[in-house]
Trainee: 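One structure follows; several queries about it will come next.
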Amino acid sequence: MDNALISRGLQRTSFKKFLLWILPWAGLLAVGLYAAYRCLAYGLNETNMDNRFAFGLWIYLDLTIIALGAGAFFTGFLLYILKLKELKSVINSAVVIGFICYSGAVAVLMVDVGQPLRAWFTFWHPNVHSMLTEVTFCITCYLTVLAIEYVPVILKHRSIRRIPSMLVFEFQLHKLMVVFAAIGTFLSFFHQGSLGGLYGVLIGRPFAFRPSLGIWPSTFFLFILSAAAVGPSFILLTTWLTSKLSRKTLVRPEVFRTLGKISGMLLIGYVLAKSIDTLIWINSTAPSLGYPAARFYQYPGFGTWVLITEIVVCGLIPALIFLQPTLRQKTAWLVTAAALACAGIALNRFVLTVQTLALPTLPFDPFMSYVPSWQETATFGAVLAYGVLLYSLSFRYLNLFPQERDLQPL
Amino acid sequence: MNLQQYRWFLVGIVVAAITGWIVFPAALYERIEQPLQFSHNVHIGEAVGMSCTDCHQMNAGERGAAIPAVSKCAECHSEAIGTTEAELKLVEDYIKTEREIPWLVYSQQPQNVHFSHIAHTGRANIRCEECHGPHGESESLRPFERNRISGYSRDIWGSSITRVGNAPWEGKKMDDCADCHTKRGVVNSCLKCHQ
Amino acid sequence: MQTNSKQSRYGMLIDLDRCTGCGACMLACAVENNIPPAHAGTTDRTGLTWMRVHRVEQEGNDASTQTVYLPLMCQQCDEHPPCESVCPQKAVEYDPETGIVAQIPVRCLGCRYCMTACPYHARYFNWWDPSWPAGMEKTLNPGVSTRMRGVVEKCNLCHGRLQEAREQAAASGTSVVAGETFVPACVEACPTRAIMIGDLADPESEIARQIKTPGTFRLLEQLGTQPKVYYSSARQWVREQLQRTIASTRTEVLNG
């Protein structure tokens with residue numbers, strides 16, 4: 001039915017089957033959009049956030065998907081700047097995932113703030129001392145860069161290539177990609193970092209506060225490193241998942257190994273840095289603010305197992321799998337390690353956003369929990385659905401994996 | 001360069017400029033007549049010889065415009081002085097019925113502004129004319145121009161939409177206040193003027 | 001007592017031994033600052049309580065358990081308040097002239113980052129549209145602007161009253177605010193006179209003398225936030241318990 005729109009030489013499932021796949025996701029998106037509308041129309045009382053839990057599920061979602069979306073900038077950096085040609089086979093997919101993650105995050109932020117129409121104030125009256133200013137500037141700029149990087153992927157579509165001027169435009173744009181990759185890398189370094197700095201600067205939250213290295217708290221650097229480490233893992237994971245769901249070989253196995261190796265090397269560096277940071281925090285930062293670190297872990301559900309899971313189970317173990325050449329040969333191991341690494345980053349962002357706020361600061365404060373309302377959860381689901389839909393459409397109609405055509409069985 | 005080729009482009013520029021600089025500003029403000037005509041000039045002139053503060057009293061606690069109450073008018077106008085239409089309206093409609101005149105205040109600030117006349121006239125010794133220009137010598141009250149979007153008076157922005165060539169007393173935007181404060185060495189913190 | 005407004009550092013001293021937990025300060029604060037009546041569905045975690053009286057019970061299993069009531073508002077952190085530096089659009093301001101930390105509602109985006117930054121939980125978000133029953137809007141204080149849904153607000157030491165005091169000073173041709181003319185609503189309302197306001201920068205002021213007496217402390221002093229609200233108690237357990245970090249006392253809040 002839509003064969004004329006599918007790239008030549010690519011096999012795609014029937015339109016009917018595709019429709020069946022996207023329908024539930026479209027339903028989820030619709031419910032989520034309704035929930036978001038309620039929040040915008042009736043106010044944030046639609047959420048279960050409160051004066052203590054001023055940040056909730058949405059900020060957690062933002063931090064996590066932006067970390068996972070880091071694959072876009074890091075793959076671009078490796079391919080265009082460090083000339084790692086092998087990654088050409090996943091760069092299109094990485095750009096689409098990056099675009100999904102960042103646009104999703106910005107969309108949710110617009111629902112999360114109380115007065116979305118005042119968002120431009122940050123650009124007009126910026127407080128240069130605020131990490132959030134840095135985040136806002138970099139994310140909006142980088143989202144623009146991602147949109148520009150997405151354009152050539154769309155322009156390669158066969159229906160657009162028929163227009164000669166578009167062909168020229170695409171060719172010229174492609175030549176500029178290295179510039180955008182460089183800008184994207186620069187912007188990403190800063191906002192991944194400042195997202196970490198967001199919590200590291202909170203002197204009033206001894207659980208999150210970290211001393212400064214230069215002008216940024218240590219979480220600034222940990223976030224850059226962890227995002228760069230987990231970005232390739234997420235690309236690996238999504239490529240594998242797409243491959244399984246579409247029953248196609250999309251990239252050569254070496255690509256998986258390369259992604260895994262890059263992830264592994266960065267992850268081991270991150271685990272090391274995170275461990276040092278944690279030790280300094282336990283032994284110096286937290287006690288100097290009057291909070292013995294052990295006190296933070298005395299509450300049910302939030303024991304030290306969180307810390308161990310984050311650093312060892314979801315950090316050290318996947319790193320070792322990635323770096324072990326024999327295990328790296330097997331896709332199952334690579335995928336397991338990538339999933340663990342992604343879970344680790346999600347846990348790290350959870351700890352920073354949720355545990356920080358749950359912990360008491362005043363001597364008579366209780367430990368507080370918070371359960372998101374259906375409106376918050378549905379909005380969360382809408383971002384997920386939006387991502388799946390945009391990626392599915394891109395996979396079906398655009399050429400996300402250049403190697404796919406050559407890898408098809410004859 | 002062939003002008004013919006750019007004809008529509010130039011037309012577009014002209015249309016956009018006219019819309020932006022003339023049509024939009026004109027459409028933005030609605031003109032409303034004051035409920036009553038009043039001549040400042042008659043009152044400050046030689047025959048009467050009053051000063052601004054005779055009617056506009058600026059004490060601590062007096063908020064905003066210091067517009068005199070109708071009882072102030074009644075001190076002299078308990079009976080009509082003269083036969084003008086406005087005079088009769090003042091006496092019949094307002095003074096005798098003890099109704100306040102719903103003046104539209106040209107310099108009215110938004111609700112989140114705390115403006116104290118006494119701090120400016122009493123403490124800083126600023127003359128009325130420095131902010132209000134020749135308003136005190138006006139023969140009649142010009143129509144009040146209300147911004148259709150914000151509801152604010154045009155005097156807040158000033159008569160020129162570009163804000164170029166405005167007289168020193170024109171414009172009562174936050175930046176105008178802040179500029180004068182900076183010149184006079186007053187700390188420009190938000191709470192200085194906002195409430 | 002006269003203070004020079006040019007270098008003021010307004011602060012408070014709250015005598016916890018005098019506080020009976022009556023809540024008059026909370027009420028006076030709400031009336032003074034145009035806090036709308038709580039919307040249906042408001043909980044003690046979503047209300048607008050610039051001033052909030054916490055009940056703290058003595059820890060330990062002693063039979064003669066004692067209670068202390070602790071009025072808590074914005075602690076007016078000095079120099080670099082944690083909330084001020086985090087705001088992306090300068091909606092939080094530290095007034096160098098008075099030391100008052102101000103929240104500017106019309107500039108606020110409602111991102112709530114300042115709320116996560118405040119260790120005293122003294123910042124409140126407008127989860128609902130503010131509304132007043134018909135006719136009640138006539139009781140609003142014209143010296144304090146009302147806020148809208150989706151912005152953060154908090155105590156600013158009744159800044160509207162400071163502006164009035166300044167006007168009074170201007171009327172007599174001075175910029176020096178006499179101490180007795182600036183009295184926040186909670187200070188005025190407290191029946192036991194547990195709350196004192198004054199200029200900490202003026203060594204002659206009563207408060208500057210009082211905060212040096214033994215038994216005076218600040219909350220979370222070790223964080224380095226330099227709050228300008230002081231507390232005092234002659235009871236040792238009160239001082240010890242309130243200066244400790246993370247405890248597990250049961251907390252109840254009056255009418256949140």
Trainee: Relative to chain C, which segment of Thr136(A) carries a heavy atom at a distance below 4.5 Å: side chain, backbone, both, or neither?
Mentor: neither
Trainee: Sort out for me which of Asp112(A), Thr356(A), Thr122(A), Thr133(A) touches chain C most, counting heavy-atom pairs under 4.5 Å.
Mentor: Thr122(A)
Trainee: Need one label for Pro105(C): side chain, backbone, both or neither, based on atoms under 4.5 Å from any heavy atom in chain A.
Mentor: backbone
Trainee: For the pair Asn127(A) (side chain) and Gln89(C) (backbone), establish whether a donor and an acceptor sit closer than 3.5 Å, ignoring hydrogens and angles.
Mentor: no
Trainee: Using a heavy-atom distance cut-off of less than 4.5 Å, which residues of residues 37-50 of chain A contact chain C?
Mentor: Leu40(A), Ala41(A), Tyr42(A), Gly43(A), Leu44(A), Asn45(A), Thr47(A), Met49(A), Asp50(A)
Trainee: Arg55(C) versus Phe364(A): any side-chain heavy-atom pair under 4.5 Å?
Mentor: no
Trainee: How many angstroms lie between CZ in Arg52(A) and CG in Asp44(C), if you round to the nearest 0.5 Å?
Mentor: 11.0 Å
Trainee: Any non-hydrogen side-chain atom of Leu72(C) less than 4.5 Å from a side-chain atom of Leu362(A)?
Mentor: yes
Trainee: Within the side chain of Arg112(C), is there an N or O that forms a donor-acceptor pair under 3.5 Å with the backbone of Ala54(A)?
Mentor: yes
Trainee: Listed by chain and number, what are the salt bridge (Lys or Arg N to Asp or Glu O under 4.0 Å) partners of Glu153(C), not counting sequence neighbours?
Mentor: Arg147(C)
Trainee: Check this for me: His129(A), atom NE2, are more than 12 non-hydrogen atoms of other residues, nucleotides or ligands nearer than 6.0 Å?
Mentor: no
Trainee: Answer yes or no: is there a donor N or O on one side and an acceptor on the other, between the side chain of Asn51(A) and the main chain of Tyr124(C), under 3.5 Å?
Mentor: no
Trainee: Of the non-hydrogen atoms in Gly204(A) and Leu223(C), which two are nearest, and what is the gap between them?
Mentor: CA-CD1, 4.0 Å
Trainee: State whether the number of non-hydrogen atoms from other residues, nucleotides or ligands found under 6.0 Å of Phe302(A) atom CZ is greater than 12.
Mentor: yes
Trainee: In the structure I gave you, are the side-chain heavy atoms of Arg45(C) and Met368(A) within less than 4.5 Å of one another anywhere?
Mentor: yes
Trainee: For the interface with chain A, which of Phe125(C), Tyr113(C), Tyr120(C) has the highest count of heavy-atom pairs at distances below 4.5 Å?
Mentor: Tyr113(C)
Trainee: Looking only at atom types and distance, does a side-chain atom of Arg205(A) sit under 3.5 Å from a main-chain N or O of Thr116(C), one as donor and one as acceptor?
Mentor: yes
Trainee: Quick one: what part of Arg123(C) sits under 4.5 Å from any heavy atom of chain A, side chain, backbone, both or neither?
Mentor: backbone
Trainee: Just to verify, what does Phe217(C) make a ring-ring contact (aromatic ring centres under 6.0 Å, His included) with, not counting sequence neighbours?
Mentor: none
Trainee: Counting only heavy atoms closer than 4.5 Å, note whether Cys111(C) contacts chain A via side chain, backbone, both or neither.
Mentor: both
Trainee: Would you be so kind as to tabulate the donor-acceptor pairs closer than 3.5 Å made by side chains of residues 21-40 of chain C, with sequence neighbours excluded?
Mentor:
| unit_1 | atom_1 | unit_2 | atom_2 | d |
| --- | --- | --- | --- | --- |
| Glu32(C) | OE1 | Arg161(C) | NE | 3.1 |
| Glu32(C) | OE1 | Arg161(C) | NH2 | 3.0 |
| Glu32(C) | OE2 | Asn141(C) | ND2 | 3.2 |
| Glu32(C) | OE2 | Arg161(C) | NE | 3.3 |
| Asn33(C) | ND2 | Cys29(C) | O | 3.1 |
| Asn34(C) | OD1 | Asn141(C) | N | 2.7 |
| Asn34(C) | ND2 | Asn141(C) | O | 2.9 |
| Asn34(C) | ND2 | Val144(C) | O | 2.7 |
| His39(C) | ND1 | Trp128(C) | NE1 | 3.1 |

Trainee: If every non-hydrogen atom of Pro82(C) is compared with every non-hydrogen atom of Ile203(A), which pair is closest and at what distance?
Mentor: CB-CG2, 3.8 Å
Trainee: Taking Arg149(C)'s backbone N and O only, do any of them form a donor-acceptor pair with Gln115(A)'s side chain (distance below 3.5 Å, no angle check)?
Mentor: yes
Trainee: Could you check whether atom CH2 of Trp124(A) has more than 12 heavy atoms from other residues, nucleotides or ligands sitting under 6.0 Å from it?
Mentor: no
Trainee: Could you check if a side-chain atom of Cys87(C) sits within less than 4.5 angstrom of a side-chain atom of Ser130(A), using non-hydrogen atoms only?
Mentor: no
Trainee: Is the shortest side-chain heavy-atom distance between Leu202(A) and Val86(C) below 4.5 Å?
Mentor: yes
Trainee: Under 4.5 Å from any heavy atom of chain C, what part of Ile59(A) do you find: side chain, backbone, both or neither?
Mentor: neither
Trainee: Looking at Gln241(C) and Pro363(A), what are the two nearest heavy atoms and their distance?
Mentor: O-CB, 3.3 Å
